[in-house]
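In what follows, a single structure is set out as structure tokens and then discussed.
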Amino acid sequence: MTALCGNVCLSALGCLSCLFVAVLSGLSSSVDNNIVSLDGKWSLSNSNGSLSLSAEVPGCVHSALFKQGFIQDPYFRFNDLSYRWIAFDNWTYTTTFSVMHPLRTKQKVVLVFDGVDTVASIWLNGVSVGRTDNMFRRYDFTVRDSLKDGDNVLRVCLQSAVVYASERSKVHSAYRVPPECPPDVQKGLCHVNFIRKEQSSFSWDWGPAFPTMGLWKSVRVEAFDVVQLLHVSSVPLYNSSLSEWRLQVDLVVDAVQTTRVQISVSVPELDSERDVHTQFLCGQTTHTVVLHINKSSEVKLWWPHTHGQQPFYQLSVSVSQDKLLILNSRSKVYFRTVELVQEPVVHSPGLSFYFRINGKPIFLKGSNWIPAHAFQDQISPAVLRNLLQSAVDANMNALRVWGGGVYEQDLFYSICDEVGIMVWQDMMFACATYPTDDDFIHTVREEVVQQVQRLKSHPSIIIWSGNNENEAALATNWFNIPAAEKPLYARDYVTLYVDNIREVVRAEDQSRPFIVSSPTNGVESEQEGWLSENPYDPHYGDTHFYNYVSDCWDWRTFPRTRLASEYGFQSWPSFSTLQPVSTEEDWSYSSHFVSHRQHHESGNEQMLEQAALHFNLPNSTDPLTAFTHTLYITQVMQAQCVKTQTEFYRRSRTEIIEGKGHTMGALYWQLNDIWQAPSWSSIEFGGKWKMLHYFAQTFFAAVLPVAFEDADTLLIYAVSDLSHDLKLRAVVSVYSWSRLQPVCTLKSDPLLVPGGGAVAIFKQPVAALLAGCGHCTRFTCVLTFHLEDSSSGAQQGPTNHHFLSSPKDAEGLQRPNITVKVQQNAAGISVTLLSACVAPFVWLDVGKVPGRFSSNGFLMVSTNMTLTFDAWRPTSAEELSTHTHTHAIPSTERLLQDVQNKHPVIDVISIK
Ligand SMILES: *[C@@H]1O[C@H](CO)[C@@H](O)[C@H](O)[C@H]1NC(C)=O
Ligand SMILES: *[C@@H]1O[C@H](CO)[C@@H](O)[C@H](O)[C@H]1NC(C)=O
Ligand SMILES: *[C@@H]1O[C@H](CO)[C@@H](O)[C@H](O)[C@H]1NC(C)=O
Ligand SMILES: *[C@@H]1O[C@H](CO)[C@@H](O)[C@H](O)[C@H]1NC(C)=O
Ligand SMILES: *[C@@H]1O[C@H](CO)[C@@H](O)[C@H](O)[C@H]1NC(C)=O
Ligand SMILES: *[C@@H]1O[C@H](CO)[C@@H](O)[C@H](O)[C@H]1NC(C)=O
Ligand SMILES: *[C@@H]1O[C@H](CO)[C@@H](O)[C@H](O)[C@H]1NC(C)=O
């Protein structure tokens, strides 16, 4: 049976005539039409038939082999290399289904694949029905004539994506399409740019090469007599001169024959409805109805998180034929406007680059999103919700869906709509040149049409962006393209992203901005023929910035950009995350495992070098202690570096210094992880917050005090994202490392802090400040500070701190003696810390118990502190403390650690 499929698959190559291309279905529900889901158990076999097993659809080969016990956890140790053979084989999915006779009598029967990963030929009862070559497209095949009563056999013959990509690159012999292969350190596979598939599945600098194959989305049979609704989308458009909303509703339908219909569109809550008489021509067509919103002035707007609510309305769409209802659908509609403002800036060459939502300039605070798992079928709704809620809990309002992953599933965007996360949506092209052969362009156009139609109703998406770093790659010649050949690559670049992708997006969606690349100089890039000489120019557009060598505590290192869409530092995940995928011999910073998991050249060394600028590196003679302390110190380094950089961007919001500034966004790289490995993420694989994520909660607070030094003068800025003005003063407390009472406290004069402003509220030479404060020196003291309302005295925003010297040079920093009490009460679990002295970067780690503390990684300057633990599954005070005690790492070593690597003394007491 398997061999037969193999032969038949081969003979079918080149059969494109039976391939029907269709758009995505979304919220549609059809009256009287039959849908047979083919999701569930299929059978799966490899090309020579040596493996045969059952496999879940949606799913992939790796997941099936793992679940059926044919392989171990692919993430365990070096299994990414051990299981590489899976990606070089061809695999066949087979299912048998029966259709009832009435279904076969319908006028049209369509076999729908919401997503095939990736290169496949599809056979129904031995007859070829079509082929696929793009993971990001939905495919429809008309199959009525191939169906029979009783059992029908459906076979999907998947060809190795790795072999396919390599073959495509060989065929494209006229000129190189670089990069050929990823750097060796990534242990990856070559030519991923030749296949329309998740680009990071062939490896990335934070992820493994697992080139999946499978049916990664649903499969079904749809049958109908007259017309099928494939997709409904709605895009609100605002006319500001009339103060009027219109709603553009698009219906994509498939009609069996020309049909006269009446389309009714309504938003009842806004007293708006419209009926249109039209006809559906035979085949797939799109029909647009523009609904004027009757109560425009009453429309409640969707706002980003912390700027307002996320209200929605119900949109009803129905289609009747001779007064008989034949189709209807209900969906959510949200109203908001978005503008990308690129206009001259006073005292600054270049152009601004910021977003206005509903007319209000909004500072983008957030991070970059990568695929949450190498195997998409293993990303549960709960995992998605947890990650997005963690973003919200860290006061983020934006995420960039990065172009080397996937267009995320519908639920991702629905959650973003609900919680007010703005999405910067890349098209899936990253860090490469791409071919522009006709068939490649054709499949990309279909992909983009379908994805924009699927996603454009989501208010969370505020921008489409053509690719990740491909303008920069050409402009700054990453791939050593000879100057004489550059015009050829420039032409291909414009062909793909401008003449095709941009054109398709603009035809489908006029309601949001489109930029060709990130980073880009925006309209300046356009004027330079879409490839700027320097796409990283801080006077235009967005920038990506990485520098692991310079001291990250020095803000002068960072470019004062208009919008920072990528920047970051690596760290290691915690021991409890690594433990399940490693064994004892791996638990050393110099182990083979530790270098294997590091996919960024010299990454492990860079982390320690950066950390060593300010901290004594762990040097315990006990190997396990040394290892866990090292994991910890990388997280401390990362958190502090990204804090410094993000605070620099936030305080640059309203300033122009030396012609640069007006920074209006800080999206650090990266939010989440794809596996258990070192990376730039602030959340570990599995959801555990790194220290950086706790820091983000503070540095993204709506009102934030930021301190920095300029020529030995301490400045404190008050940064506000609020809409209203505040009258604030800064309160600065100076602590000696050796005691818990402040040595002195200073208050600034009250100052008006405008909504959306960043102003200097405190300024004093450090020497003068310390001279007036007991016996403090830079080495013996540390500062904390906060903002308070000048009339009520109430604190506004979090308390922040500023180191006057590196902790490694601190004098009087004592071995912390912190007692931890875990208590359970009606409100949940609380943790009380008692300390006898000032302690920096105090870190609580509860091992594998899922959840997060209200705060962590903090500077402890009080005798006691009470935190709450938000458990993500039922737990108890006993479990929390017991777990910590029984963890493989002695809790006294693990739970709290001081940066001088003295052994802290910790007691964990559980109190009921
Ligand atoms: C069949 O394929 C598997 C996986 O590629 C391979 O390990 C095995 O040696 C092959 N068996 C035969 C008989 O060729
Ligand atoms: C996989 O299929 C391709 C083409 O369909 C064929 O050339 C190749 O030999 C097959 N690989 C294996 C391992 O059977
Ligand atoms: C807004 O309405 C006015 C008056 O009908 C019209 O002239 C203008 O083109 C409209 N603007 C937009 C952006 O549609
Ligand atoms: C607008 O509201 C008025 C008054 O309620 C109603 O008569 C009219 O039909 C509405 N128009 C639309 C387009 O819904
Ligand atoms: C570890 O480092 C600390 C601080 O630099 C130092 O005082 C101590 O002697 C070192 N211990 C070992 C075993 O090297
Ligand atoms: C640590 O603090 C506790 C009280 O919080 C005290 O009883 C104990 O003696 C201290 N231990 C050390 C080594 O200072
Ligand atoms: C906790 O701190 C508060 C104020 O800082 C103090 O009044 C109280 O005595 C402290 N409690 C303990 C147990 O040290």
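Order of appearance sets the numbers: ligands from 1, and atoms from 1 within every ligand.
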Report every pair formed by an N or O atom of ligand 7 and a protein N or O atom separated by less than 3.5 Å, giving atom names and the distance to 0.1 Å.
| unit_1 | atom_1 | unit_2 | atom_2 | d |
| --- | --- | --- | --- | --- |
| ligand 7 | 2 (O) | Asn864 | OD1 | 3.1 |
| ligand 7 | 2 (O) | Asn864 | ND2 | 2.4 |
| ligand 7 | 11 (N) | Asn864 | ND2 | 2.7 |
| ligand 7 | 14 (O) | Asn864 | ND2 | 3.2 |

query = More than 12 heavy atoms of other residues, nucleotides or ligands under 6.0 Å from CG of Asp73: is that the case?
reply = yes
task = Count the heavy atoms belonging to other residues, nucleotides or ligands that lie under 6.0 Å from CG of Asn825, then report whether that count exceeds 12.
result = yes
inquiry  = Can you tell me if the gamma sulfurs of Cys773 and Cys781 sit closer than 2.5 Å?
reply    = no
inquiry  = Is there a polar contact between ligand 1 and Asn48, counting only N or O atoms under 3.5 Å apart?
reply    = yes
message = Here's one to test your reading of the geometry: is the NZ or CZ of Arg155 within 45 degrees of the ring axis of Trp42 and under 6.0 Å from its centre?
response = no
message = Under the rule for ring pair (Phe, Tyr, Trp, His ring centres under 6.0 Å), what residues qualify as partners of Phe593, not counting sequence neighbours?
response = none
Set of salt bridge (Lys or Arg N to Asp or Glu O under 4.0 Å) partners for Lys217, sequence neighbours left out = none
request  = Give the numbers and elements of all ligand 1 atoms closer than 4.0 Å to a heavy atom of Asp89.
outcome  = 4 (C), 5 (O)
task = Output yes when the distance from some N or O of ligand 2 to some N or O of Gln159 is under 3.5 Å, and no in every other case.
result = no
remark   = A student checking ligand 1 against Asn46 at a 4.0 Å heavy-atom cut-off should list atoms 2 (O), 3 (C), 4 (C)
key: Those residues that, when tested against Asp437, pass salt bridge (Lys or Arg N to Asp or Glu O under 4.0 Å) (two or more places apart)   = none
inquiry  = Below the 3.5 angstrom mark, is there an N/O of Glu167, backbone or side chain, next to an N/O of ligand 2?
reply    = no
request  = Run the numbers for me: atoms of ligand 2, each under 4.0 Å from some heavy atom of Ser47, listed by number.
outcome  = 12 (C), 13 (C), 14 (O)
inquiry  = Could you walk me through whether Glu447 and Asn134 satisfy the side chain to side chain donor-acceptor pair (under 3.5 Å) test, starting with their C-alpha distance in whole Å, then the side-chain angles of each, then the deciding distance to 0.1 Å, before giving a yes or no?
reply    = CA-CA 8 Å; Glu447 161 192 331; Asn134 187 331; 3.0 Å; yes
ask   = If only atom types and distance count, is the side chain of Arg196 paired as donor or acceptor with the main-chain N or O of Met428 below 3.5 Å?
value = yes
